[in-house]
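Down below is the structure, laid out as structure tokens.
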2 protein chains.
Amino acid sequence: MVMKSEIQVFREYIRGRRLRRTPEREQILQEIFEIHGHFDVDELHLKLRDKGSKVSKASIYRALPLFMDCGLVREVDFSDGHWHYEHIYGHARHSHLRCLGCGEVLEFEEPGMGRLEAHLAREYGYRIKGHQLQVQGLCATCQEAE
Amino acid sequence: MVMKSEIQVFREYIRGRRLRRTPEREQILQEIFEIHGHFDVDELHLKLRDKGSKVSKASIYRALPLFMDCGLVREVDFSDGHWHYEHIYGHARHSHLRCLGCGEVLEFEEPGMGRLEAHLAREYGYRIKGHQLQVQGLCATCQEAE
DNA sequence: AGTATTATTGTAATTGATTCTCAATTACAT
DNA sequence: ATGTAATTGAGAATCAATTACAATAATACT
Ligand SMILES: [Mn+2]
Ligand SMILES: [Mn+2]
Ligand SMILES: [Zn+2]
Ligand SMILES: [Zn+2]
């Protein structure tokens with residue numbers, strides 16, 4: 001009962017649709033799962049370059065929606081003008097606490113979100129697809145520096 | 001013990017800083033508080049035009065951060081490529097439940113968020129400044145249409 | 001294996017929201 | 001009234017993200 005690898009998940013997603021398995025997509029996916037933490041398109045592109053890959057940014061922009069669609073990756077909103085991402089396959093669902101001073105990002109579990117979603121579904125007749133929760137504040141260090 | 005008007009709040013904010021009270025800013029603010037619901041910069045600009053105002057988009061973009069800074073307005077994230085806004089002065093704090101099919105937006109109170117913020121403050125030593133919570137799903141109508 | 005079909009790629013151009021520059025205007029203090 | 005410095009509108013600049021296009025390459029089908 002071992003978990004499928006992310007590559008397996010992606011290949012199964014590719015198959016059955018009219019999509020094609022390409023080295024570019026698999027390089028990008030592999031890199032994403034080697035990154036520990038959050039990244040943006042530029043960072044991902046640089047890391048791929050560093051490893052000798054020649055994938056273009058356009059291909060990254062085209063691949064990300066696929067990864068999100070099959071539940072391997074999700075967008076993360078830091079409200080700084082562009083999207084960030086993280087791989088989520090095999091990770092517990094969590095939210096982000098970000099320091100407005102230094103940009104540090106902590107992850108925390110969201111107790112009560114399941115209950116909230118159930119409540120919303122019942123109350124408004126919605127079928128809930130997901131949610132995002134971000135919290136901002138000042139870390140201890142940045143509080144002193146004030 | 002009547003509540004101050006939004007214009008009063010803004011004028012008090014202006015005073016004391018090196019800012020100036022201008023008709024453009026007050027027109028924009030007035031329009032924002034006449035809008036029931038959420039809006040984006042384009043919509044706001046059009047409504048102002050319709051009423052004969054000549055304020056430029058640049059001025060709107062420059063005024064919004066002021067309104068947010070004094071707690072009259074806040075950004076709303078619908079993840080559709082640009083920011084939306086809403087006036088919050090005199091309104092209960094709430095989050096948004098949005099239908100991925102038709103775009104309908106419902107507002108709901110967030111029980112438990114105060115407790116969560118207190119928990120995060122204690123657990124990580126943060127001084128919490130705020131949070132955003134968005135929930136997505138399919139409304140009853142859009143579920144049938146599937 | 002060879003061929004046809006069509007998805008995918010990289011490059012460069014384009015889009016669209018937001019920010020910035022700059023000269024002209026205007027609010028406010030003296 | 002006058003000086004000052006903030007604010008304005010217009011348009012240029014920026015920058016993340018999307019798109020057009022011609023070349024390439026993955027799959028399906030002989
Ligand atoms: Mn995370
Ligand atoms: Mn709202
Ligand atoms: Zn910090
Ligand atoms: Zn709907």
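In the text below, chain A, chain B and the rest are named by the order of the sequence lines, each starting its count at 1. Source: prediction; values computed, not measured.
In this structure, A:Arg18 and A:Lys54 both approach DNA chain C, and ranking their closest nucleotides by distance from the 5' end singles out A:Arg18. Nearest-nucleotide positions on DNA chain D for A:Tyr85 and B:Leu19 put B:Leu19 closer to the 5' end. Between B:Arg25 and B:Arg49, the residue anchored nearer the 5' end of DNA chain D, judged by the nucleotide with its closest heavy atom, is B:Arg25.
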Using the 3.5 Å cut-off, write out each protein N or O paired with an N or O of nucleotides 20-26 of chain D and the distance between them.
{"unit_1": "D:dA26", "atom_1": "N3", "unit_2": "A:Arg20", "atom_2": "NH1", "d": "3.0"}

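B:Tyr61 places its OH atom 17 Å from the P atom of D:dG11, with the value rounded to the nearest Å. For the pair B:Ile28 CD1 and D:dT8 C1', the computed distance is 10 Å after rounding to whole Å. One interatomic measurement links the two molecules: CG of A:Asp42 to P of D:dC15, which rounds to 11 Å at whole-angstrom precision. Remark: C1' of D:dA10 and CD of B:Glu24 are 14 Å apart, rounded to the nearest angstrom.
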CA sep, side-chain torsions, deciding dist, call: A:His87, A:Phe67, ring-ring contact (aromatic ring centres under 6.0 Å, His included): CA-CA 9 Å; A:His87 64 254; A:Phe67 302 150; over 10 Å; no
Step-by-step side chain to side chain donor-acceptor pair (under 3.5 Å) determination, A:Gln136 to B:His131: CA-CA 6 Å; A:Gln136 296 85 37; B:His131 72 264; over 6 Å; no
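Looking at heavy-atom distances under 4.0 Å, B:Lys57 makes no contact with the nucleic acid at all.
Between chain B and DNA chain C, the heavy-atom contact criterion of under 4.0 Å yields a 5' to 3' nucleotide range of C:dA17 to C:dC28.
With contacts defined as side-chain heavy-atom distances shorter than 4.5 Å, the pair A:Tyr126/B:Leu106 qualifies.
A salt bridge links A:Arg11 with A:Glu26: the distance from a Lys NZ or Arg NE/NH1/NH2 to an Asp or Glu carboxylate oxygen falls below 4.0 Å. Note on B:Arg17 versus B:Glu12: no salt bridge recorded, every NZ/NE/NH1/NH2 to OD/OE distance being 4.0 Å or above. Contact check on A:Lys51 versus A:Glu34 returns a salt bridge, with a Lys/Arg side-chain nitrogen under 4.0 Å from an Asp/Glu carboxylate oxygen.
Of the possible polar contacts, one joining the B:Glu110 side chain to the B:Ser95 backbone as a donor-acceptor pair under 3.5 Å is found. Here the side chain of A:Gln134 pairs no donor or acceptor atom with the backbone of A:Arg98 at under 3.5 angstrom. Counting only distance, with no hydrogens or angles, the side chain of A:His45 and the backbone of A:Val55 share a donor-acceptor pair below 3.5 Å.
For the helix from C:dA1-D:dT30 to C:dT30-D:dA1, the rotation axes defined at the first and last 5 base pairs enclose an angle of 30°, given to the nearest 10°.
The aromatic rings of B:His84 and B:His82 lie parallel to each other, their planes meeting at an angle below 30°, with 60° marking the opposite boundary.
In summary, the aromatic rings of B:His38 and B:Phe78 are positioned with their centroids under 6.0 Å apart.
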